[in-house]
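Worksheet: the structure to be examined is printed underneath.
Whatever order the structure lists ligands and atoms in, that order sets their numbers, starting from 1.
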Amino acid sequence: MTTTTLPLVRSRDELAIRTHCPYCAFQCGIRMADTAGESVPQIQGDPHFPVNNGQLCIKGWTSFALLNHPRRLLHPLVRDSRADEFREASWDEALDRIADAMSRTKTAHGADANGVFGSGALTNEKAYLLGKFARLALGTANIDYNGRWCMSSAAGGGNRAFGIDRGLPFPIEDIARSEVVVLVGSNCADTLPPIMQWFEKQKANGGRLAVVDPRRTETARRADLHLGVTPGSDLALANGLLYLAIEDGFLNREYIADRTNGFEAVRATVLNYHPAAVERITGVGEPQMRQLLRWMGAAKSCLILSGRGPEQHSKGVDTVHAWINLALALGLPGKPNSGWATLTGQGNGQGGREHGQKADQLPGYRSIENPEHREAIANVWGVPAESLPRKGKSACELLDSLGPTGGIRTLFVMGSNIAVASPDKTRVLNRLKSTEFLAVCDAFANETTALADVVLPVFQWAEESGTMTNFEGRVLHRRPTVRPPRGVRGDLEILRELAERLDHGHQFQFESAEDVFAEFRRATAGSTADYSGISYAKIDAQDGVFWPCPYDDHPGTPRLFAERFHHADGRAKFFAVEHRPGGEHPDDAYPYFFTTGRYKEHYNSGAQTRLVSKLVHERPRPMLQLHPTVAERHAIFTDSLVTLESRRGRAEFHAEITPDIRPDTLFAAFHWGGSDSANTLTNMALDPISRMPEYKLAAVRIASVRPTE
Ligand SMILES: Nc1nc2c(c(=O)[nH]1)N[C@H]1C(S)=C(S)[C@@H](COP(=O)(O)OP(=O)(O)OC[C@H]3O[C@@H](n4cnc5c(=O)[nH]c(N)nc54)[C@H](O)[C@@H]3O)O[C@H]1N2
Ligand SMILES: Nc1nc2c(c(=O)[nH]1)N[C@H]1C(S)=C(S)[C@@H](COP(=O)(O)OP(=O)(O)OC[C@H]3O[C@@H](n4cnc5c(=O)[nH]c(N)nc54)[C@H](O)[C@@H]3O)O[C@H]1N2
Ligand code: SF4
Ligand SMILES: [Mo]
């Protein structure tokens, strides 16, 4: 077997000191303090990076703890059966085992019996190469990723309405100049903390902030208006606001006529959303609705920013449409410091959703079912277009098809802790256990690696090169700042090694991340997400380049939509959408809404942040937020242990009693994987368009309460 070594590991002289945080889509600029000694490198916010301006959140400034963490995986791990313990193995043995399992599966059950699961944590180069690996080396249709759980509803709505999906179609600085900002189901004071500097500037400029959330969150506390919406009712609220916009004469008729299609059907629909009806569905009072709409209607500039709250529902896409409809009716998208946008979540949640690790997608936001798009990528890859697989299964459907009955027998995971993060976790755990072979690439052991047959230890962010696209669509350079420990390898090298073993090595001949980027640029040329004019040097020189950037001298595109939208006729589209209940609704048996979200100290499945002692000390466990009236009804005291049950499972949490949540709603964060795992309760009801599961709405009951031990 040929094993060339990638020069991804740099000598000390080549190491940079400026790079970006490993975690969220804000991709804060960080500076590594002197790494010359053997001690752990320290991290500071990069004062020269114009997005965070030196600020970091607690996760960012403790992220160095992951780099030489004692629990870092340093050797490939293998085992012959799941009953055995793992043993350390050579890279050749571990890679051979994975390639053999994939070949066996393909021979016995067909190419689509191999599944691949990627991540919005991966660099653009990795996301691109993982998609190429699945389509060429495995020939499988079945690749999807955790961004399906994250940005898919926002992306679905954005694409359909505007013809393009870039989280913010403008740079972050526009927030500071917007007169009214409406945050719909985003708790960004905890989830993108350095963003608050831009809201502070907005406030100093006389601006107003409104927050729509069933909880009075840290973000809501900083707002001028908080609308404590019933979970799953944001669509009705947006339609209700549009009803009021019509009634109060705030429609921008000229804009609607010149720049959009489809308003009449929307008008007809929203006429049924009079305030009294909307108040019944949403629990938001008419005076608050009128107040918000008047602010929005009268403002010279207004932004609607969407978070996961309205999106992670079985009607996520329609809900996104309802808010975009409102924005279009008021004439906001394309107007300075105005519009609709979504706050992307994962570090490369944006780039990760553009370059082909999605079941229905090829690089450059191309569609795998579109003949021209297939042809373009087949040309770059040097294969006939007919040989490319068709559309595969979306994340939840892929996981739900694992095992002999579902048909996907082998799963290769890069960058997700599925066993904690997926909805209806017990069902997914059973599926993972029924795979014939599970391989996971990760820097640390987690609840998913615990189920694997082979675990491959990988580089972490500060140890390798690559590009990340932040929530603004700004392409950044993740620079290596420290050397990785001996014995671990990069994800790119792993893909190349596996491709070689699967007799596709000739399609994976690259020596560095920048080599992969060179091919990737070509693959995006002429596409919606065109990166072909971007280079590492250009990113370094400009502190990021906004896509689309179609040729070498092109400066990048910070703002979209000023002149036209990205549909062929240049117009944006309205979609008439109606409120509907979620996958389940509270009833006598399961009387409460259960919704989920995040703490500022932990990141997603917690696989990384639960290893950082400072973060564990600050936030050792999830707490069940519940209203004092619920506490009284069930004799719950602060810290009581409350067992919740949904139709799918049970979980036990310590109680946190607070008036900052609706009396019909219970909330817990999902960062843990044990008996206090929120995802044992959540529902895999999927959005028909985005295939997003309903993380933000399950019906639960309080099964028992006991005092703290
Ligand atoms: N600290 C931290 N930061 C993170 C992450 C993390 O795990 N931890 N993850 C990153 C990722 S991947 C993502 S996707 C983003 C997510 O960022 P956010 O969207 O801010 O995150 P969430 O906490 O999931 O949800 C936001 C809010 O939605 C509210 N909500 C629940 N149900 C509903 C509803 O039906 N309607 C409305 N309007 N609101 C509702 C919740 O109460 C919660 O306050 O954060 C990113 N940043
Ligand atoms: N109940 C509930 N569940 C949710 C959500 C919710 O709001 N409520 N939110 C959903 C959302 S928005 C998201 S994004 C998902 C996220 O949940 P997951 O998909 O589990 O994502 P992470 O916890 O970020 O896990 C990333 C794993 O990848 C590893 N990793 C990081 N970078 C790399 C890399 O470059 N290469 C490799 N090989 N590994 C890497 C990390 O060490 C970690 O183990 O959770 C979803 N689950
Ligand atoms: S806001 Fe996001 S990118 Fe910035 S330090 Fe915190 S986790 Fe890292
Ligand atoms: Mo996410």
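- With distances taken over non-hydrogen atoms, the option nearest atom 8 (N) of ligand 1 out of Gln346, His602, Gln625, Arg308 is His602.
- The heavy atom nearest to atom 26 (C) of ligand 2, out of those in Gly597, Gly415, Cys441, Gly606, is found in Gly415.
- For ligand 2, the polar-atom distance check finds an N/O of Asn604 within less than 3.5 Å of one of the ligand's N/O atoms.
- Selection from Glu447, Arg598, Met414 by nearest heavy atom to atom 9 (N) of ligand 2 gives Arg598.
- Scanning the protein heavy atoms around atom 23 (O) of ligand 2, the nearest turns out to be Ser605 OG, 2.6 Å.
- Atoms of ligand 3 lying under 4.0 Å from at least one heavy atom of Tyr23, given by number and element, are 7 (S).
- Of the candidates Asn417, Asp442, Val413, it is Asp442 that places a heavy atom closest to atom 44 (O) of ligand 2.
- We find that Asp400 and Arg431 are joined by a salt bridge, their nearest charged nitrogen and carboxylate oxygen being less than 4.0 Å apart.
- Among all protein heavy atoms, the one lying closest to atom 43 (C) of ligand 1 is Asp213 OD2, 3.4 Å.
- In terms of N/O distances under 3.5 Å, ligand 1 is approached by Asn187.
- Listed by number with element, the atoms of ligand 3 under 4.0 Å from a non-hydrogen atom of Gln27 are 3 (S).
- Against a heavy-atom cut-off of under 4.0 Å, Lys59 is close to the following atoms of ligand 3: 7 (S).
- The closest approach between a heavy atom of Tyr599 and any atom of ligand 1 is below 4.0 Å.
- Proximity of His671 to ligand 1 is established by a heavy-atom distance of less than 4.0 Å.
- Ion pair Asp543/Arg474 not flagged as a salt bridge, since none of the NZ, NE, NH1 or NH2 atoms sits closer than 4.0 Å to an Asp/Glu carboxylate oxygen.
- Within the 6.0 Å centre-distance limit, the rings of Phe593 and His585 are counted as a close aromatic pair.
- The shortest N/O to N/O separation between Asp234 and ligand 1 falls below 3.5 Å.
- When only non-hydrogen protein atoms are considered, atom 35 (O) of ligand 2 lies nearest to Lys126 NZ, 2.9 Å.
- Taking the centre of each ring, Trp672 and His602 come in below the 6.0 Å mark.
- For the pair Leu122 and ligand 2, the shortest N or O to N or O distance does not fall below 3.5 Å.
- Every N/O-N/O distance between Glu464 and ligand 2 stays at or above 3.5 Å.
- Residue Cys150 approaches ligand 1 through these ligand atoms, each under 4.0 Å from one of its heavy atoms: 14 (S).
- Of all protein heavy atoms, the one closest to atom 2 (C) of ligand 2 is Tyr695 CD2, 3.2 Å.
- Both tests hold for Arg619 against Tyr599: distance to the six-membered ring centre under 6.0 Å, angle to the ring axis within 45°.
- The shell of residues lying under 4.0 angstrom from ligand 1, judged by heavy atoms, includes His313.
- At least one donor-acceptor pair under 3.5 Å links the side chain of Trp91 to the backbone N or O of Gly487.
- Ligand-side atoms of ligand 3 in range of Cys21: 3 (S), 5 (S), 7 (S), 8 (Fe), range being under 4.0 angstrom from any heavy atom.
- Using a 4.0 angstrom heavy-atom cutoff, Met151 does not count as in contact with ligand 2.
- At least one N or O atom of Gly232 sits closer than 3.5 Å to an N or O atom of ligand 1.
- Within the 4.0 Å heavy-atom criterion, both parts of Thr191, backbone and side chain, lie near ligand 1.
- Shortest contact from atom 31 (C) of ligand 1 to any protein heavy atom: Thr595 OG1, 3.1 Å.
- With a 4.0 Å heavy-atom cut-off, ligand 2 is reached by no atom of Ala678.
- Taking backbone and side chain together, Cys57 holds an N, O or S atom under 2.8 Å from atom 6 (Fe) of ligand 3.
- Remark: aromatic rings of Phe117 and Phe412 are distant, center separation not under 6.0 Å.
- Closest non-hydrogen pair, Ser233 versus Val229, comes out as OG-CG2, 3.1 Å.
- Side chain of Glu601 to backbone of Val616: no donor-acceptor contact under 3.5 angstrom is found.
- In terms of N/O distances under 3.5 Å, ligand 1 is approached by Arg215.
- At a heavy-atom cutoff of 4.0 Å, ligand 2 is contacted by no atom of Gln460, backbone or side chain.
- If you look at Tyr23 next to ligand 1, there are no close heavy atoms at all, none under 4.0 Å.
- Ring centers of Phe520 and His355: under 6.0 Å apart, within the cut-off.
- For ligand 3, the atoms sitting less than 4.0 Å from at least one non-hydrogen atom of Gly60 are 5 (S), numbered in the order shown with element in parentheses.
- Near Asn446, with a cut-off below 4.0 Å to any heavy atom, the atoms of ligand 2 are 44 (O).
- Annotation: Phe64 is not in aromatic contact with Trp461 [ring centroid separation under 6.0 Å not met].
- Here Asp190 has backbone heavy atoms under 4.0 Å from ligand 1, and that is the only part of it that gets that close.
- Proximity of Cys24 to ligand 1, defined as any heavy-atom pair under 4.0 Å, is confined to the side chain (atoms from C-beta onward).
- Considering both main-chain and side-chain atoms, Trp149 never comes within under 3.5 Å of ligand 2 through any nitrogen or oxygen pair.
- In this structure, atom 13 (C) of ligand 1 lies nearest to the protein heavy atom Gly345 CA, 3.2 Å.
- Distance check for Cys28 against atom 8 (Fe) of ligand 3: none of its N/O/S atoms falls below 2.8 Å.
- Residue Pro194 has at least one heavy-atom neighbour below 4.0 Å for each of these atoms of ligand 3: 1 (S).
- Remark: minimum distance from atom 32 (N) of ligand 2 to any protein heavy atom is reached at Ala121 CB, 3.7 Å.
- Considering backbone and side-chain atoms together, Gln312 places an N or O closer than 3.5 Å to an N or O of ligand 2.
- In this structure, the side chain of Asp318 does not engage the main chain of Val577 through any donor-acceptor pair within 3.5 Å.
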